[in-house]
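Encoded as structure tokens, the structure appears first; notes follow it.
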Amino acid sequence: MKAYNNFFEEIECEAIKTANINLQKQDAYNTKVTYTNSVRTLYGEFDYENSLNLKKLDDKKYYIDWNYNAVYPNYDAGYSVKINTDEAKRGSLIDRNGILLAGSGYIASVGLVSGWMNSDTKEQDIKKVSELLGISAETINKKMSASYVKSDTFVELDTISKQELQLLSNLREIEGIKINDVESRVYPLGEKAAHITGYVQKANSDDLKENKKYDENTLIGRTGLELAYNERLRGENGYEVLLIDENGNTKSTVLKTEKIDGENIKLTIDANIQSTVYDIYSEDNSATVVMYPGTGEIIALVSTPSYDPNKFVIGMTTQEWNDLNNNPNNPMYTRFLKRYAPGSSFKPVIGAIALETGTINSYDEYEKSGTSWQKDSSWGSYYITTLKEYDEPATLLNALIYSDNIFFAKTALKIGAEKLEKELRELGFEKDLEIDLEAKNSQISNDGKFTSEIQLADSGYGQGQILLNPIHYAAIYGIFANNGNMVKPYIEMAQDTETTFIKEHAFSKQVTDVIKNALIQTIENPEGTAHSAKIEGLKLAGKTGTAETKSTKEEIAKELGWFNAFIADENSDKQYVVISMVEDVENKGGSQYVVNKVKKIFENI
């Protein structure tokens, strides 16, 4: 019985089903039983036919006449099971044009060959290697003096990304250095796409406990799309389950399955645009989304600062990990998946809802309120302020051009809490965005509703407790570029061409034309808050925004700067919408800092 248990434990048996049982009486004391076992194991399924003998003893009861063949045909004493694994190749992530974002490539294995070293400068050369690789000279000398090392032995010291061109160049200048190519998971764009791709690591002890199919070489997606698509990218290993004797000779093949390599997944991302946008924001704490408003294809997703995912595959020193983990700018924080107060960039949304619901029309004119206003004395000492007075009538067009907080606070109150909540929910607020990255949903407020007049009024110009996820925000602004239709953003290249809507006909074409024309004037009009974004020969529409953020009354408010823009020419071959947010712009010129960044995007893509 022990052999029986050992066999089925070794093949990681999960279930057995016995069928086709047939009894053949041999004589008065012996009956042959034939049967078929269908076995499901961790490594696959197999069927086999077997037989055993039932012997009737003096007590007239039948007993199994046990022998090793009862375990498995041709099984014998001392036999065991051997599992051979044929590792599936992990699939790749590629951009819309076939450029590799994550996949198989090569890293540099750096080491020393003692016979190649100059004995006169050996000590200095080891010191140079130590400084370049961040490995102590003591450790290098210990490796070089190991008993197995001969004059022609390559002693590996470290592995580094082949993207580190200057480091590799400096190493090659040292006598004795040898650099070999080693196959590895690589991320050619490095930090520029890290927050999209994420990274993999080899399975750890917890992974091995959780999934018995994993081994120490199995790559596991930890973040980003490497995590989201992990099972599809990983594929299925092939297995050969062998029955072997005590000398290691194969007696039979119990089970064999062919490996299935992981999928290659094509993304909507354009690697060149991704790189361009990253370079523009590399020194900022920012989140930027570039999307096709007509289809929902996400062209670029940039979060800065960033990190090099290659380091997680190759390995990093304790100092490198501490520097990354303790960086106050949080390079591991994926900003485009979070949510933020939109400030004045939210005003076009309020304006469109007001027009669509018939709350106002485009020619309605509010009474001027200067730069400070409250509804009535019930608000106590609370006033809504705006930065600039203007001579033109307080209409929707002028309120957008001059970014009039008071106009939109009044408009939000006029729409009303219940109606505004309903309209925002229909635009996807408080709902999962349902993309393959774990994006926070945009919120109306902390509890999903407007609880006071002041909160409602503040929400009208993007303060209050309104928070927007940048990817969702791209879909909202896409309405103004897409004749009123709100498409669902996606990042995996679709197999079909059918567009999925968050809300088809979210606003009428008449309403979107009014808002789009106002946003064009926000750039074209010399008085417009985004006039500096004007590019000759390119018709842009857009809106700036500055939002104050602070956790407590005592904390000094910090500013988020926004500029959201899109191509307003339907005949342009670059139908992009760009949503961009930069943190801590209070000493950089506010939202104008972001305007200049977004302008560079449109000038370079």
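One distance of note links CZ of R335 with CG of N330; it measures 6.0 Å at 0.5 Å rounding. Rounding to the nearest 0.5 Å places CD1 of I11 at 10.0 Å from CG of L243.
The shortest distance between side-chain heavy atoms of E216 and K202 does not fall below 4.5 Å. Inter-residue side-chain proximity for L168 and I179 is flagged as met; some heavy-atom pair is nearer than 4.5 Å.
A donor-acceptor contact under 3.5 angstrom links the side chains of N310 and D308, judged on distance only.
Of the listed residues (E183, E231, E226), just one forms a salt bridge (Lys or Arg N to Asp or Glu O under 4.0 Å) with R90, and that residue is E226. The side-chain contact (heavy atoms from CB on, under 4.5 Å) test with V487 singles out one residue from I502, T499, T500, and that residue is T499. Of the residues N325, T318, L324, the one that meets the side-chain contact (heavy atoms from CB on, under 4.5 Å) test with N322 is T318.
Atom NZ of K588 has more than 12 neighbouring heavy atoms from other residues, nucleotides or ligands inside a 6.0 Å radius. Within 6.0 Å of atom NZ in K503, more than 12 heavy atoms from other residues, nucleotides or ligands are found, so the atom counts as buried in its surroundings.
Judged by distance alone, with hydrogens and angles left aside, the side-chain atoms of N230 form a donor-acceptor pair with the main-chain N or O of G221 at under 3.5 Å. No donor-acceptor distance shorter than 3.5 angstrom exists from the side chain of H195 to the backbone of T304, with no hydrogens or angles considered. Side-chain atoms of S303 never come within 3.5 Å of backbone atoms of T334 as a donor-acceptor pair (strictly under, hydrogens ignored). Using a distance-only test at 3.5 Å, with no hydrogens or angles considered, a donor-acceptor pair links the side chain of N469 to the main chain of K338. Remark: the backbone N or O of V594 is not paired with any side-chain donor or acceptor of W562 at under 3.5 angstrom. Checked by atom type and distance alone, the side chain of E586 pairs as donor or acceptor with a backbone atom of E559 at under 3.5 Å.
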Requested in this report: Might you work through the side-chain hydrogen bond (donor to acceptor under 3.5 Å, both in side chains) test for N596 and Q592, ending with a clear yes or no?
Outcome: CA-CA 6 Å; N596 294 331; Q592 290 304 308; 5.9 Å; no
Query raised in the report: Would I140 and L112 satisfy side-chain contact (heavy atoms from CB on, under 4.5 Å), going step by step from the backbone distance to the final call?
Result: CA-CA 9 Å; I140 295 173; L112 284 168; 3.9 Å; yes
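Taking the ring centre of F563 as origin, the terminal cationic atom of K597 falls outside the region bounded by 6.0 Å and 45° from the ring axis.
The two atoms that bring P188 and A102 nearest to each other are CD-N, 4.5 Å, heavy atoms only. For the residue pair Y477 and S345, the shortest heavy atom distance occurs at OH-O, 2.5 Å.
Judged as a side-chain hydrogen bond (donor to acceptor under 3.5 Å, both in side chains), the pairs with a partner in residues 260-278 (not counting sequence neighbours) are, in order, E191-Y278, R232-E263. Each side-chain hydrogen bond (donor to acceptor under 3.5 Å, both in side chains) pair with one or both residues in residues 94-112, not counting sequence neighbours, appears once here: R96-E297, S109-E156.
Annotation: ring-ring contact (aromatic ring centres under 6.0 Å, His included) contacts of Y281 (sequence neighbours excluded): none.
Between Y292 and Y576, the ring planes lie parallel to each other; the angle is under 30°, not in the 30° to 60° tilted range. Ring geometry for Y199 against F312 counts as parallel: the plane angle stays under 30°, on a 0 to 90° scale with 60° as the upper cut.
Remark: R40 engages E14 in a salt bridge, criterion side-chain N to carboxylate O under 4.0 Å.
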